[in-house]
Amino acid sequence: MASLEPLPPTYDPKAVEPEIRRCWSDGGYFHADPSTPSPQAPTYVIVIPPPNVTGALHGGHALNNTLQDILIRWHRMRGFNTLWMPGTDHAGIATQAVVEKTIFEKEKKTRHDLGREELVRRIWEWKEKYGNRIIEQLKLMGCSCDWERTRFTLDETCARAVRATFFRMFRDGLIVRGKRLVNWDTALQTAVADDEVYHEKVKGHLWHIRYPLAGPGFGVQGSAPRAAGFSPRGADTSLNAGEEDPSRDASPGRDREGAVEYLIVATTRPETMLGDTAVAVHPDDERWKGLIGRKVVLPLTGREIPIIADPILVNREFGTGCVKVTPAHDPNDYQCGLRHGLPMINILTPDGRINENGGAYAGMDRYAARRKIVADLEAAGLLDKVEDHESDVGHSDRSKTPIEPYLSDQWFVRMGDLDPAEAGRIEGLRGRSGLAQLAIDAVCTREHASAEERKACGKVHFFPQRYANTYRDWLAEKRDWCISRQLWWGHRIPIWSKHCDNIESWRDSERNLIGDGAQGVLSERRDNSSPAERLVVRFVADNDPTSSFVKDPPPSGGFTAYVCPLLEDGDQQTDEWSNAAFKRCGLTQDPDVLDTWFSSALWPHSTMGWPDDTAELRKYYPGSVLSTAREIITLWVARMVLTGLYNTGQAPFHDVYIHAVIQDAQGRPFKKSLNNGFDPVDIIEMYGADALRFTMASLATETQDIRMPMKKVRLEGGRELQTSERFELGRNFCNKIWNAARFAFITLEDSTGGRPGSDGSNTGGTPVRQGPIEDRWILSRVSRAAVEVQDALARFAFSRAAGLARDFFWDSLCDWYLELVKSRVREHRQADQARAVLAFALDQALRLLHPFVPFITERLWSQLNAIAPRRGLPGLAELDTDSPPDNRGHDKAAPCRPLVIARFPPIEGWPKLNDPAAERVFEDLQTATRAIREVRSSRGVPPRQAVNVVVKVPAERVESLRQEAHVIRRLANVGELTIDPRAERRPNAATLAVGDMQIFVLDVIDSAAERKRLEAELANLDGQIAALGGKLANEAFVARAPAQVVATEREKLAAVQSRREVVVRALAEL
RNA sequence: GGGCGUUUAGCUCAGUUGGUUAGAGCGUACGGAUCACACCCGUAAGGUCACAGGUUCGAGUCCUGUAACGCCCACCA
């Protein structure tokens, strides 16, 4: 690094960032080693929420990864063995859809044209080509992940953990097979997740259909022909159903004698009636009470279906109070069907046509069938009426076509409570009743006052704490987790199955499978584990309607055998290898893949090499913090806790930090479709990575939303992009840091007595404690800033931490201290000590700021090392820069450690530098300075023109104030400054009363303006006196408020009153 | 429908167990090409803390209710 070239006056991130990135990368500073720096060093670990491999960096990533990097860099500098584990997620459907789309656009081929193997190959190809984009973007941001460890949820390390977990869960009876309604995309012929379904209002109709009652003795005679539904006589019998009948609504479906002839049900999807298996009414509904248990004839099919009572499904007030029940095609009906043990008739083919269960309508597209059915019902006189109806219809986000609820076989993880005996046998449940309970009990929902208490509690803590409830409430439902997806991109479900007509045919396969002969599939394994430890077989009897797994094959009748092997020593060919082996036994692998969240759930331990007992797992698991968005508390966080406990016995992290969601000015979340977000790479291009990061940190308050007004700008090249003025906050601050450092470098180099530190006594021989007040003050501020910033970070109060660091740097260091150093250096007044203090303060500031703005601070650090290599304060604050880096340092050749691994200011600050008295006095000086400036400004005194000032202070402070007078003189541009305990106001002087001082600014008088100013001040003081006096006159206050508070109020009143006297006198003399 | 959050200066937000006449950044106004920085420096103006009750000696802060906005979850025959 060419450190000593003069720095340009404006910080140029583009000139600095690539060089710094290379320096960090070459030095390997982000790499974590389980045994370095020392076995005793505490560990700090964050696993990155793996971004979607198809993804590009967006605002949410910029925020979340900035915050994680701040935590990581902070702890690395504190000497922790620090690991930030990076990686990407294969993101099942999202990735497959993207690749399918590009293939279709280029080659007009669907995945069915390509076939499974070829499509998966193409997706891998695509992933290798484009899958690192987001990683590269994270590097641009300066994220200090251990890139050597970068994982992918579909790589072999993760795949082994997936297979091992599935095997264990299957063995423990926690993975089961079942029917389930999925959101079926008939265009893509795949199930899509709930969150991939969007709802759209669609104008449709509500068809009211008559279901005639079945059985003898009901309604009019001749119900049998009507029951067939097709009979024209069906129409004849509905005598009173015409629109002209005013009594119809009051007693629909009754004949002239009031006997019930038919029930009317309403539906938006008439074709689903082909799969109806009941009509439900409310049990307390007087209209239909007597019919419960009878049957109706399903029109068009002639099937008889029961009338059942269901208070959950039926809303008495809605429509006729009768509901058709189609368990295979509606989620509510499905639940109802389960409650009543109803048959479930699937009427659809995967591509959305009516299947063989649809009788005459089989083979028709569902919408064609709908039209035909409506026409047939009308012809049969069974269509009561048709209403316009607007309803929310679920659409697939991928194909934009309407979703069909579709009943299919799926795999589930059981979340609920198990039979106690069963639960007790499962080691992974650690004595809990079930997986959901295991995860619920791991999280603390109580408030803890301190970090120590939290640690003692031993559970996972959420920040902000309220999100613990979101987590717990969702888990408390204990709904089974559907883990199968009808996709090709993902972890294939490690289950091979075979249907057997009888037990003998199974015995053959079994011999092949686990026989001890050479032909036994699993004998190819290297280890000596017994078959039971590496192979689990479960059976489902053909005649079991619940499809429950049993351990032994049914002695009679057909059944399906499900085989789950533990394939943990495989390689990338595992699927091919095992498929071939099992094929020889007549077994075929389940075509589905696992839910993406199944592998994400294992991320904190799979990335560390579990199920092997690796050094990484021992050192870096469990992690310290998980930082993520609230929308995946349930999908991801809960499942990580659950699998972490189940597999390892330990929750995967101690704290969960939930960051806010960035929204636009209208409060809408950033969405691609709205194009209301920003591209962090654009922001880095325009303002620099540090500006992006500092702004992000400043925004990270505890609220759940962050609003970010965006605006469009057009670059010189004509490209249009979205940005926000708020990033100027970060850019301006970086420029300030840059220039303050430039000034410091000039000052430090300009030393006639050699650079500070060159002789080892870098305070110029002057004990800092006796120097000018600004030295003691800024050093005390350095110490306090170190404490306060770290205190805020420890509470995940990023905005506060950034604000404190900024205030310290800009307000204290730049606006006050540097301004005072200027005159000292120029006047050679204790200049060496000023340089020493300046070098120390800048050193500490760069360290403190590094986690927020790493690039600029690292660059300036190298310059500071060259100019002032030794900058500790002997006896007061020793620094690691004062001695050469130890042998464990990463970069032995460098004269100084790079900032990225330099020591952070101590968490307890620098106790020997704390000087509250100096801070108090300096505050008074600041107040006096500001007061004089105000007078100058309001009188229009030109900045260059000095004013003369007389200050009256109590006699005991005269000496000390005379020593400190340079602060006021310099910063308020005061010429003659007289300090006199007996000073009197002079004519033409403006009068100020601050603290215990009276300040007279001479020869600036403008009677009218002065009167106005004094009167305003008087009004202000009177207001305060009224408030304080009223409070103290209140007997209840004096009696009940703490004595301390009362005493403070009395002191305040006295001080304000004495200031008032000064003002009154000045007014009188005017 | 269930849960959660927000409402403080023109804008975006702080305000730490209740205790000065409520703060910051941006924006605005005035002054400043002073040898670190105009992406800067100095100064100022700007607030019935959404509304209505209550608790308290004392409420931006705690409680109840109302309103508006927003997020998550569930559901809509």
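Letters go in sequence order (proteins before strands), and every chain restarts at 1.
- Judged by distance alone, the side chains of A:E387 and A:H208 do bring a donor and an acceptor atom under 3.5 Å apart.
- Rounded to whole Å, the C1' atom of B:G46 lies 16 Å from the corresponding atom of B:U12.
- Going from atom CG of A:L818 over to atom P of B:G42 covers 12 Å, rounded to whole Å.
- Between A:Q465 atom CD and B:U16 atom P the separation is 17 Å, expressed in whole Å.
- Taken to the nearest 0.5 Å, the CE atom of A:M696 stands 10.5 Å off from the NE2 atom of A:H659.
- Close to B:C41, at under 4.0 Å from its OP1 or OP2, lies a side-chain N or O of A:K736.
- Between the CD1 atom of A:I373 and the CD atom of A:E271 there is a distance of 6.5 Å, given to the nearest 0.5 Å.
- Candidate nucleotides B:A74, B:G19, B:U12 were compared by shortest atom distance to the side chain of A:R479, and B:A74 ranks first.
- We find that A:E923 and A:R920 are not joined by a salt bridge, their nearest charged nitrogen and carboxylate oxygen being 4.0 Å or further apart.
- Contact annotation for A:C814: base contact, defined as any heavy-atom pair under 4.0 Å involving a base atom.
- The residue from A:Y687, A:F733, A:W738, A:F855 that alone fulfils the ring-ring contact (aromatic ring centres under 6.0 Å, His included) condition with A:Y11 is A:W738.
- Of the residues A:L992, A:L1021, A:D1022, the one that meets the side-chain contact (heavy atoms from CB on, under 4.5 Å) test with A:V1063 is A:L1021.
- Residue contacts shown for A:R731 include a base, since a base heavy atom lies under 4.0 Å away.
- Using a 4.0 Å heavy-atom distance criterion, A:A1019 is classed as a base contact.
- Candidate nucleotides B:G3, B:U16, B:C69 were compared by shortest atom distance to the side chain of A:R795, and B:U16 ranks first.
- In this structure, A:T277 and A:P327 have side chains that are in contact, with non-hydrogen atoms separated by less than 4.5 Å.
- One C1' atom belongs to B:C75, the other to B:G25, and the distance between them is 44 Å to the nearest Å.
- Separation of the P atoms belonging to B:A68 and B:A24 is 34 Å when rounded to the nearest angstrom.
- Comparing A:R800 and A:S698 by the nucleotide of RNA chain B that holds the closest heavy atom to each, the one mapping nearer the 5' end is A:S698.
- Regarding the sugar-base torsion, B:U34 falls in the syn class, its angle being within 90° of 0.
- Taking for each of A:I1025 and A:F733 the nucleotide of RNA chain B with the nearest heavy atom, the 5'-most of the two is the partner of A:I1025.
- Closest approach to the A:P1042 side chain among B:G19, B:A36, B:C13 is made by B:G19 (side chain taken as heavy atoms from C-beta onward).
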Review point. In the 5'-to-3' direction, what one-character label does each nucleotide of nucleotides 22-31 of chain B receive under the scheme B = base within less than 4.0 Å of a protein heavy atom, S = sugar-phosphate only, - = no such atom?
Key: ---SS-----

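- Contact annotation: side chain of A:E819 to base of B:A36, donor-acceptor pair present below 3.5 Å.
- Between B:A45 and B:U8, the two P atoms lie 22 Å apart (nearest whole Å).
- Distance check on atom C1': B:C49 versus B:G23 gives 12 Å, rounded to whole Å.
- Note on A:R269: nothing from the nucleic acid sits closer than 4.0 angstrom, heavy atoms only.
- For A:Q663, taking side-chain heavy atoms from C-beta onward, the closest of the listed nucleotides B:U20, B:C71, B:C41 is B:C71.
- One atom, CH2 of A:W636, and another, C1' of B:C72, lie 18 Å apart when rounded to the nearest Å.
- Computed from coordinates, the A:E477 CD to B:C73 C1' distance equals 8 Å when rounded to whole Å.
- Counting heavy atoms from C-beta outward, A:R639 and A:W481 have side chains that approach closer than 4.5 Å.
- One atom, CE of A:M708, and another, C1' of B:U12, lie 10 Å apart when rounded to the nearest Å.
- A:S938 comes within 4.0 angstrom of no nucleic acid atom, judged by non-hydrogen atoms across all strands.
- In this structure, CD1 of A:I746 is placed 15 Å from C1' of B:U34, rounded to the nearest angstrom.
- Look at A:E819 and A:K822 and you find a salt bridge, because one of the NZ, NE, NH1 or NH2 atoms lies within 4.0 Å of a carboxylate O, short of that distance.
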Check your understanding: Dot-bracket, RNA chain B: Watson-Crick or G-U, under 3.5 angstrom, [ ] crossing, | other strand?
Key -> (((((((..((((.....[...)))).(((((.......))))).....(((((..]....))))))))))))....

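- Remark: A:R726 is not in phosphate contact with B:U12, judged by side-chain N or O atoms under 4.0 Å from OP1 or OP2.
- If you check the side chains of A:R742 and A:N739, you find a donor sitting under 3.5 Å from an acceptor.
- Comparing B:U43 with B:U55, their C1' atoms are spaced 43 Å from each other, to the whole Å.
- At a threshold of 4.0 angstrom between heavy atoms, the contacts of A:R936 with the nucleic acid are absent.
- Taking the C1' atom of each, B:G3 and B:U17 are spaced 27 Å apart, rounded to whole Å.
- A straight line from CZ of A:R1050 to P of B:G19 spans 20 Å, rounded to a whole angstrom.
- Taking a 6.0 Å sphere around CD of A:Q945, one finds it holds more than 12 heavy atoms contributed by other residues, nucleotides or ligands.
- A:A1027 comes within 4.0 angstrom of sugar-phosphate atoms only, judged by non-hydrogen atoms across all strands, and of no base.
- For the pair A:R800 and A:D807, the salt-bridge criterion is not met [side-chain N within less than 4.0 Å of a carboxylate O].
- If you take CD1 on A:I403 and NE2 on A:H395, they are separated by 9.0 Å, rounding to the nearest 0.5 Å.
- Taking atom CZ of A:F1037 as the reference point, atom P of B:A59 lies 12 Å away to the nearest angstrom.
- For the P atoms, the distance from B:U61 to B:G70 is 25 Å, rounded to whole Å.
- If you check every strand for non-hydrogen atoms under 4.0 Å, A:E1049 touches nothing.
- When distances are taken from the side chain of A:R930 to each of B:C41, B:U43, B:C37, the shortest belongs to B:U43.
- Checking the phosphate oxygens (OP1, OP2) of B:U43, a side-chain nitrogen or oxygen of A:R933 falls inside 4.0 Å.
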